[in-house]
Each structure stands twice: as C-alpha cells, then as structure tokens.
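Just so you know, residue 1 is the first one in the sequence shown, and it goes up from there. Worth saying up front: this structure is predicted, and the values here are computed from it rather than measured.
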Amino acid sequence: GSERSARAVARQDGTEAECELRKALRDPDRFVVVRAIAGLRERGSTEHMTKLAGLVRSPSPLVRKTAFRAMTSARYGQPAFDKKVRRALASADFALRWGAVAGLGDASDDPSAEWIAERIADDHHAVRDIAVQSALKRRLAPAIPALIEELEADERLWRNTCRAALVDLTGKDYGGGAARWRTWWEGEGEGFRVPPAAEARAAVEALRANRDDAPSRAESPTSTFYNVTFPTDRVAFVLDLSGSMEIEDRIGRLKEQLRDALLGIPAKGRFNLIFFTAGASSWGKRLVRMTPNNRAAANQVIDRLVADG
C-alpha cells in the first residue's frame with residue numbers, strides 16, 4: 001500500500017527520495033503523511049516547513065502532533081518560533097501540546113527542560129506520557145520534582161509510571177510514596193547529577209541483587225509495561241513489530257518500555273518475548289528464568305528489534 005511505499009522511500013538516500021517524501025505530504029492518507037513527516041525529520045530536512053505549518057491545522061490529531069513535533073525539532077531555538085512553542089504548550093489542543101513536548105525531547109537546550117517538566121502534570125494522558133519519555137530521553141533533572149509530585153496522583157497506573165521514571169532517572173528507589181523521595185530530593189537535589197541510562201540501570205540492578213540493601217518484597221517495585229502493572233513474576237511480552245511501529249518512533253518507545261519492565265522482574269522470576277508481524281515467533285521456547293545473563297541476552301535482542309512487518 002501507499003504507507004508501505006512511504007516507509008520504503010524513507011529508508012532510501014538521496015535528493016530524489018526526499019522529493020518523493022515531500023510529495024507524500026499531500027497524500028490523502030494520514031498514515032502516509034505521518035510516515036513522510038517522520039522520514040523528513042529523520043533526514044534533518046527543513047525545506048518543507050511551510051507545508052508543515054499547514055498540516056498543523058489538519059483535522060487529524062495524528063497529523064497535527066507529528067507535524068508540530070517536526071517543526072519544533074527543526075526550529076526550536078529561534079526566538080520567534082519559541083514563542084509558538086510556548087503558545088502550543090498552553091493550547092487547548094492536546095495534539096499541539098504533544099507535538100511541542102516531543103519536539104523539545106529532540107532538543108538539547110537547558111531552558112526547554114523546564115517546559116517539558118511542566119507537562120508531566122498535563123491533563124491529557126498522551127501529553128503526560130510523551131513528557132516522561134522526553135525527560136528520560138534527555139535525562140532531565142528538572143523532571144524529578146515533577147515526577148515526585150505525581151506519585152500522589154489519583155491514577156495508580158500513572159503513579160507506577162512516574163515511580164519507574166524516577167528509578168530510571170536516578171538509579172535509586174525510595175518506594176511508591178512521595179514522602180521518601182521528597183526527603184531525598186530536599187537533601188541531595190541541588191547538586192544531583194542525572195546518571196546516564198546504562199549507569200542508572202546498573203545501579204538499580206545492583207540494588208535489587210543485594211538482598212541486604214534491597215527493599216522488602218512488599219515494597220519492591222512491580223514491573224510496569226505501557227502503564228500496565230503486573231505484580232506477578234511470570235510474564236510473556238507480546239510485541240507488535242509491524243511497520244506502523246515506525247510511526248513517531250513507537251519502536252524506540254517499545255524498546256525503552258521493555259528494558260524498564262525487565263528491570264522490575266525479580267531474580268528467579270520468569271519471562272519470554274513473543275514477536276508478531278505477519279506471523280509469530282518467540283525468543284525462548286518457554287518462559288526463561290530471570291538471571292543477569294538472561295536479562296543481558298534479552299536486552300541485546302531488544303536492541304536489534306526493527307519494525308518491518
């Protein structure tokens with residue numbers, strides 16, 4: 001179909017492929033348009049900004065948010081456009097807020113860190129989620145106090161997501177309540193350096209492997225995958241690797257979610273990875289015991305996942 005063609009063109013190099021992607025921005029199929037926007041953004045192209053400005057007014061929220069993300073990624077840092085970003089963050093349209101936060105997640109400018117942190121308390125779940133993803137992607141310390149406050153939110157699944165993000169950002173775990181996290185942040189927050197993701201994960205693994213220092217089973221983290229918490233220690237992850245997972249880097253988010261979820265499975269728990277595209281396959285023949293070696297092997301498989309079905 002036309003969406004598959006757009007994906008194929010997006011993978012090609014050269015001026016001709018870029019021209020085809022710009023033509024695809026006029027396609028009536030919103031998924032083709034989104035794929036074309038993502039392909040141009042990944043190339044760093046900026047010659048289609050006028051067309052994107054029109055797509056921001058599309059009736060499709062998917063197109064609006066993808067278009068504004070691409071614009072923000074390309075133009076953040078230009079004073080006139082930064083005003084548009086601030087207006088988008090305050091907009092009643094969740095798609096514009098989402099696009100602004102996602103685009104800021106692609107940036108590297110410190111002032112935008114505060115803008116991302118503010119959206120962690122957004123009233124739309126999709127904007128909250130992308131704000132957390134952007135904070136994790138950029139390893140943003142300003143997100144930590146915002147995440148701590150959200151530990152008192154009404155939604156249990158959202159609280160679990162924020163706790164998992166705090167653990168990922170800090171390499172520490174002070175449980176699911178806000179009080180202990182606040183105490184730690186008040187004492188150490190001013191000079192705290194957010195560690196690289198790999199360093200934080202290693203710290204968490206060491207914490208959980210040390211039975212004397214690890215929290216009790218009642219306090220230990222439950223594993224969370226896409227805001228779904230499972231207190232069991234026997235889990236099979238069923239993973240969609242179809243081509244649509246390329247849109248808005250869903251495959252990248254899937255990998256992050258999987259790595260974090262594996263950290264929550266206790267030693268001697270069991271897990272497996274099941275993949276489906278046109279057919280289905282699995283990593284292990286059956287549930288595999290959670291050991292450091294098996295977690296490392298699973299993470300290597302996760303790193304190689306591609307959406308090509």
- Query: When you check the gap from the basic side-chain N to the acidic O, do Asp129 and Arg119 get nearer than 4.0 Å?
  - Reply: no
- Query: Does the pair Arg86/Glu118 count as a salt bridge with the N-to-O cut at 4.0 Å?
  - Reply: yes
Between [X] and [Y], is any pair of side-chain heavy atoms under 4.5 Å apart?
| X | Y | value |
| --- | --- | --- |
| Phe225 | Leu262 | no |
| Asp123 | Arg97 | yes |
| Leu62 | Trp98 | no |
| Val132 | Trp158 | yes |
| Val194 | Ile144 | yes |
| Asp233 | Arg270 | no |

- With sequence neighbours left out, the residues meeting side chain to side chain donor-acceptor pair (under 3.5 Å) with Asp93 are Arg64
- Query: Who pairs with Glu149 by side chain to side chain donor-acceptor pair (under 3.5 Å), at least two apart in sequence or on another chain?
  - Reply: Arg182
- Query: Got a donor-acceptor contact below 3.5 angstrom from the Lys255 side chain to the Leu305 backbone?
  - Reply: yes
- Please name all residues satisfying side chain to side chain contact (heavy atoms under 4.5 Å, CB included) with Thr72, sequence neighbours left out, ordered by chain then number.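 Here the qualifying residues are Phe68, Tyr76, Phe81, Val85, Leu104.
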